[in-house]
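Keep in mind it's a predicted model, so treat the numbers as computed, not measured. Side-chain atoms are counted along with the backbone in the values below, which use heavy atoms only and exclude waters and symmetry mates. Residue numbers start from 1 in every chain, and the chains themselves are labelled A, B, ... in the order their sequence lines are given, proteins ahead of strands.
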Number of protein chains: 2
Amino acid sequence: MTGPSNTAPARKPRGRPPRIDQERAVATALAVLDAEGLDALTMRRLAAALDVQVGTLYGYFADKPALLTAMAERMLHGCAEPWPTGPDWQAQVTELARRMRLALLRHRDGARVYAGTRTTGPNTLGFADTFVGVLTAAGFTAEDAVRASFTVIRFVIGHTLEEQAGDDRLAADVESLHRALATEDYPRLTAAAHMITSADFEGYFEFGVRALVAGLGELPRNP
Amino acid sequence: MTGPSNTAPARKPRGRPPRIDQERAVATALAVLDAEGLDALTMRRLAAALDVQVGTLYGYFADKPALLTAMAERMLHGCAEPWPTGPDWQAQVTELARRMRLALLRHRDGARVYAGTRTTGPNTLGFADTFVGVLTAAGFTAEDAVRASFTVIRFVIGHTLEEQAGDDRLAADVESLHRALATEDYPRLTAAAHMITSADFEGYFEFGVRALVAGLGELPRNP
DNA sequence: ACCTGAACACCGTTCAAGT
DNA sequence: ACCTGAACACCGTTCAAGT
C-alpha cells in the first residue's frame, strides 16, 4: 500500500518531531510504578526513564495528578469489553468485578493509583456503561443498576487497596498484630486469628462479590 | 481530694518537661487536616502548628507514616463501643457500618488517611472485634464472621474514599463527565445521567449496606 | 514546536549542639 | 531529657533561552 491512504493525512510537522508522547510517557510511568512503587514514582524519576528533562513533562501533563489520572485510565483498558459471557446477570456481574480487580492487581499499587484519581476517560466510563448495561438488561431499573454498579466497584476498590497494601509496608505490623491477638483484649478476633493471619485475598474477594450479588438478587426486577 | 492518689505516682521527671506529647500532636495534626487537607499536612506544617521545630516531631513519631497511622487509629475512637443496639444482626451490622463511615467523614480526607495506613491499634482491632462478635453471636461461623466484617469494612472504605474525593478535586471533571455523557458513547450510563450527576452518597451507602446485609443473610447459620 | 537548564519554594529526615 | 538550628538529599512546577 503505497498510494494515498484513506486516513486523514498527518499534518505537516513543523519544528522538530517530539521525542516523547503522552502514550509512551504513561506506559513508561506504569513501568516505573511496577518496578519501584508509587512513592518512588516522581516526575523527575519518570523524566529520567524517558531520558528527558523534568520540565518537558509539563508539556504533556498539566501536573502530577494529571499523570496519575492518565495512568489510572490506562489501567482499565480491556475491562469494558467484551460483554461478559456468563449465563446470567449474577455470573456477569461477578465477571466484571473480577476483571476490575485483576486490572488493578496488574500494576504495583494499582488500586492506590486508581483510588487517588477521578478519571472520566473512555475505559472508566465504558466499564461503568457495560456494568450498568448488564444490570438493566437483567431487568433492574436504571437507578438500581447505577447504584448496584457503584456498590460493587467501590467494594472492588476497597478490597484491592487492602490486598495491595501489604506489598509496600513492612511485616512489622503483622508482628504487632500477633502480639495484640495474643492478649485477651479481642476475644472474638482471637478465635479467628488463623484467618486474619493467613489473608487469602482471593477468597475474601469471592466471598464479598458473592454476598453482594446475592443481596442484589433480592431487589425487584422487570421481566 | 488532696491525699495521696491511688493512681501510680508519676515518675519523677528528669530534665525539662516535654512541651508536646503524642496525643496533643495527633489532635493538632487532625485539626490541620480538617483545616487544610491531607496534601497540606506536612511535618513542617504540623511542627508550626505545635510551635516547635520539625526535628522535634521525630522524637514522637518514627516517620510520617507513623503519624498518619496514629491519626487513622484515633479516627476510629468510639466505633468499637457501645455494642450496637439494633434488634437483630442485620440492624447491628448496618449500625457498625454507619459508625465507621461517620468516623471517616468526621475529618477531611479521613478515608484517604485511613486507607493509606495499616493500623493495629485498639480502636481498629476493637472495632473488628465487635463486628466479628455481632456476627458470631448471630450464629455465623468464625470464618464467615471475619469474611463478612472485612467485606463490609472494605466497602465502607471504598465508598467513603469516593464520597470524600470530591472535596479536594476541582469541579473540572464534573464538566468533562457531562460532556462525555452528552455523546452517544455510553448509552446505558447516559440513560441514568441524572443519578451520576447528583451523587446522593448517603443513598448509595445505604443501598450498598442493605445489599451486603441481604446477601450475608443467605449464608448458613447456627441456631 | 519542542526541549534544556536553571531556578524557586518547598519536602522528609538526621543530628550535633545547646539547656 | 528535650528541643533548636542547620544541613542533606530530595520534591513539583515554572520559564527564559536555545535549536
Any base atoms under 4.0 Å from B/Val52, or only sugar-phosphate, or nothing? Heavy atoms, all strands. sugar-phosphate
Please name the nucleotide paired to D/dC10 by Watson-Crick or G-U wobble geometry with both distances under 3.5 Å, or report none. none
Figure out the CD/P separation between B/Gln53 and D/dC3, and round it to whole Å. 11 Å
Taking B/Val52's backbone N and O only, do any of them form a donor-acceptor pair with B/Thr56's side chain (distance below 3.5 Å, no angle check)? no
Any side-chain donor-acceptor pair under 3.5 Å between B/Ser176 and A/Thr120? yes
What is the separation between atom CG on B/Leu46 and atom C1' on C/dG12, rounded to the nearest whole Å? 13 Å
May I ask you to verify if any side-chain N or O of A/Tyr58 is less than 4.0 angstrom from the OP1 or OP2 atom of D/dT14? no
Are A/His107 and A/Arg112 close enough that some pair of their side-chain heavy atoms sits under 4.5 Å apart? no
How do B/Ile20 and A/Thr42 order along DNA chain D: which one's closest nucleotide is nearer the 5' end? B/Ile20
Which comes earlier along DNA chain D counting from the 5' end, the contact point of A/Met43 or that of B/Pro18, where each point is its nearest nucleotide? B/Pro18
Which part of the nucleic acid does A/Arg44 contact within heavy-atom distance under 4.0 Å: base, sugar-phosphate only, or nothing? base
Can you check whether A/Arg19 has a side-chain N or O nearer than 4.0 Å to OP1 or OP2 of C/dT4? yes
For A/Tyr60 and B/Gly55, find the nucleotide of DNA chain C closest to each by heavy atoms; which residue's nucleotide sits nearer the 5' end? A/Tyr60
For B/Thr56 and D/dT4, is the shortest distance between a side-chain N/O and OP1 or OP2 below 4.0 Å? yes
Distance check needed: C/dC11 P versus B/Leu67 CG, whole Å only. 14 Å
Measure the distance from CG on A/Leu50 to P on C/dC3 and round it to the nearest whole Å. 10 Å
Does any nucleotide pair with C/dC2 by Watson-Crick or G-U wobble geometry, both distances under 3.5 Å, and what is it? D/dG18
Distance in angstrom units between A/Phe61 CZ and D/dT13 P, rounded: 12 Å
Whole-Å distance, A/Lys64 NZ to D/dC11 P, equals 9 Å
When rounded to whole Å, the CG to C1' distance for the pair A/Asp39 and C/dT13 reads 15 Å
Rounded to whole angstroms, how far apart are CG on B/Asp51 and P on D/dC2? 18 Å
Between A/Phe155 and B/Phe155, ring centroids under 6.0 Å: no
Contact check, side chains of B/Thr183 and B/Thr190, non-hydrogen atoms, under 4.5 Å: no
